[in-house]
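Worth knowing before you read on, the calculation uses all heavy atoms, side chains too, and leaves out hydrogens, waters and symmetry mates. In what follows, chains are A, B, ... by sequence order, proteins preceding strands, each numbered from 1. Because the structure is a prediction, the values reported are computed rather than measured.
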Number of protein chains: 2
Amino acid sequence: MTELIRLLTRAQKLLRTASDDAMSRHGVRVGQNLVLEVLWETDGLTPGELAARLHVTTPTVVNTATRMESAGLLVRRRDPADGRLVRLHLTPKALAARQPIEEARRRLAEHATATLTEDERRHMRSALEKIIERMTESPPDLGDA
Amino acid sequence: MTELIRLLTRAQKLLRTASDDAMSRHGVRVGQNLVLEVLWETDGLTPGELAARLHVTTPTVVNTATRMESAGLLVRRRDPADGRLVRLHLTPKALAARQPIEEARRRLAEHATATLTEDERRHMRSALEKIIERMTESPPDLGDA
DNA sequence: GTGGGATCGCTAGCATGCAAACGATTCGTA
DNA sequence: TACGAATCGTTTGCATGCTAGCGATCCCAC
C-alpha cells in the first residue's frame with residue numbers, strides 16, 4: 001500500500017513538471033493554468049469562489065492572481081453590490097491563450113496515458129475515486145493523541 | 001484522459017496533506033520525512049546522493065537539511081577524503097522518531113486504500129508504472145516550437 | 001607539479017501551497 | 001439606528017520545489 005502511494009506521488013510529480021514545462025511555452029505557469037481553466041468557463045469569480053473550486057486556500061488564489069495581474073492575464077474589479085468582494089476578469093491576452101494551452105494539455109494527457117489498457121484506465125479511475133472519497137469523507141484516524 | 005490526471009492530482013494532494021498532518025504530530029514535516037526515510041536505511045549520504053534517490057534537486061535537499069539541522073534531526077560532516085562532499089548524519093532524536101513515524105505512515109496508507117479491490121490495486125499499480133515509464137523514457141513531445 | 005575542467009554544496013530568486021493575523025465591509029439585532 | 005458578529009480579501013511567514021550562478025575542492029593532462 002505504501003508502495004502504491006509512492007508510485008502515485010512519483011507519477012503526479014512527473015506530470016506536474018511536464019505540465020509546467022508545456023505551459024511555460026505559452027507564458028503561463030502550472031498553477032496559473034488551473035486558474036485560467038476555471039475562469040475560461042466562468043469569468044468574474046471571486047478569489048474565495050475560485051479557491052473552493054480549485055481545492056486550495058484563498059491566500060493561494062490571491063497570490064497567484066497578483067502574479068497573473070502583473071503578467072497581464074487578468075484584472076481585479078470591486079463588486080459594485082458588495083464592497084468586500086473582488087471579481088477576477090480575464091484579459092484578451094488570457095482568452096487568446098486558451099486554444100493552444102488546452103491543446104497542449106490534451107496532448108500531454110494522451111501521451112502520458114497512451115499505453116494504458118482499458119482495464120487499467122477503468123480500475124485506476126475507480127481506485128482514485130475511492131481514495132479521494134476515503135480521504136475527504138472519513139476521518140484520517142491518526143494514531144496517538 | 002485529462003479527467004484521469006485530474007483525479008490523480010487530487011488524490012495525491014489529499015494524501016500529501018494528510019501525511020503532513022500526521023508527520024507534524026511527530027515534529028517532522030512531509031518533506032523532511034522523505035529525507036529521514038532514506039537516511040534511516042543509509043546514514044551518511046551526501047546531499048547529491050540524497051537528491052538522486054528522492055528525485056529532487058540538490059538545492060532542495062540542502063535547504064531541507066538546513067531546516068532539519070536547526071530542528072536537531074541531523075548534523076553535517078565534511079568528508080575527510082573529499083573536501084567537496086558533505087555527509088548528513090542523523091541524530092539520536094531522528095532515530096528515536098523512526099518507529100512512530102513509520103507506524104503513522106503505514107496506518108495512513110492502509111486507511112486510504114482500505115476499500116480498494118484486488119483488481120483495482122493491481123491495475124492501478126501497473127497503470128502508474130506505465131505512466132512513470134512513459135514520462136521518464138519517452139520525450140514529452142510538446143506541440144509547437 | 002601545475003593549471004584548467006569537472007564536480008560538489010551553497011545562495012539567491014521565484015512559484016506554489018499552507019496557516020494565522022489584520023482590515024474593511026456587510027448584515028442582523030437590539 | 002447603531003453596534004457587534006460574520007464575511008471577505010490581503011499580508012506575513014513558513015515549507016517545499018525549481019533554475020541559475022557562485023565558490024571551493026578535486027582530478028587529469030601536460
Exercise for the section: Show the numbers, then the answer: is there a side chain to side chain contact (heavy atoms under 4.5 Å, CB included) between A/M124 and B/I131? Expected result: CA-CA 12 Å; A/M124 178 171 165; B/I131 292 175; 4.0 Å; yes
Exercise for the section: With rounding to the nearest 0.5 Å, note down the distance linking CD in B/E49 to CG in B/L54. Expected result: 11.5 Å
Practice task
Indicate whether any N or O donor in one side chain lies under 3.5 Å from an N or O acceptor in the other, for A/T66 and A/R76.
Solution key: yes
Exercise for the section: Quick one: closest heavy-atom pair of B/G72 and B/T91, and the distance? Expected result: O-OG1, 2.8 Å
Practice task
Determine whether B/R77 and B/V75 make a side-chain contact, defined as any pair of heavy atoms from C-beta on separated by less than 4.5 Å.
Solution key: yes
Exercise for the section: Could you verify whether a donor N or O on one side chain and an acceptor N or O on the other, from B/Q32 and B/T64, lie under 3.5 Å apart? Expected result: no
Problem - N/O donor-acceptor pair under 3.5 Å between A/K130 side chain and B/T115 backbone - result: yes
Practice task
Would you classify A/V56 as touching base, sugar-phosphate or nothing, given that sugar-phosphate means primed atoms plus P, OP1 and OP2, and contacts are heavy atoms under 4.0 Å?
Solution key: sugar-phosphate
Completion exercise
Numerically ordered, the residues 68-99 of chain B set in heavy-atom contact under 4.0 Å with DNA chain D is B/D82, B/G83, B/R84
Practice task
Go through the structure and list residues passing salt bridge (Lys or Arg N to Asp or Glu O under 4.0 Å) with A/D20, not counting sequence neighbours.
Solution key: A/R29
Problem - First encountered from the 5' end of DNA chain D, between A/N63 and B/H55 - result: A/N63
Practice task
Look at all strands and tell whether B/V61 reaches a base, only sugar-phosphate, or nothing, counting heavy atoms closer than 4.0 Å.
Solution key: nothing
Exercise for the section: Would you indicate whether the side-chain heavy atoms of A/L45 and A/R53 approach each other to under 4.5 Å? Expected result: yes
Problem - Terminal helix-axis angle for the helix from C/dG1-D/dC30 to C/dA30-D/dT1, with five pairs defining each axis and rounding to 10 degrees - result: 10°
Fill in the blank from the handout: Heavy atoms of B/L128 and A/L4 approach each other most closely as CD1-O, 3.9 Å
Exercise for the section: Examine distances only and state if a side-chain atom of B/T46 and a backbone atom of B/R87 form a donor-acceptor pair shorter than 3.5 Å. Expected result: no
Exercise for the section: Using a 4.0 Å heavy-atom cut-off across all strands, classify A/T46 as base, sugar-phosphate, or nothing. Expected result: sugar-phosphate
Practice task
Would you grab the first and last nucleotide of DNA chain C (5' to 3') that comes under 4.0 Å of any non-hydrogen atom in chain A?
Solution key: C/dA15 to C/dT26
Handout entry: Earlier contact from the 5' end, DNA chain C, for A/P59 and A/R16
Key = A/R16
Practice task
Heavy atoms of chain A, cut-off under 4.0 Å: which first and last nucleotide of DNA chain D, 5' to 3', fall inside that, if you could look?
Solution key: D/dT7 to D/dC18
Problem - Evaluation steps, salt bridge (Lys or Arg N to Asp or Glu O under 4.0 Å), between B/E102 and B/R98 - result: CA-CA 6 Å; B/E102 287 184 341; B/R98 179 169 186 175; 3.0 Å; yes
Practice task
List in chain and number order the residues that pass side-chain hydrogen bond (donor to acceptor under 3.5 Å, both in side chains) with B/E37, two or more places apart in sequence or in another chain; answer none if no residue qualifies.
Solution key: A/R6, B/R105
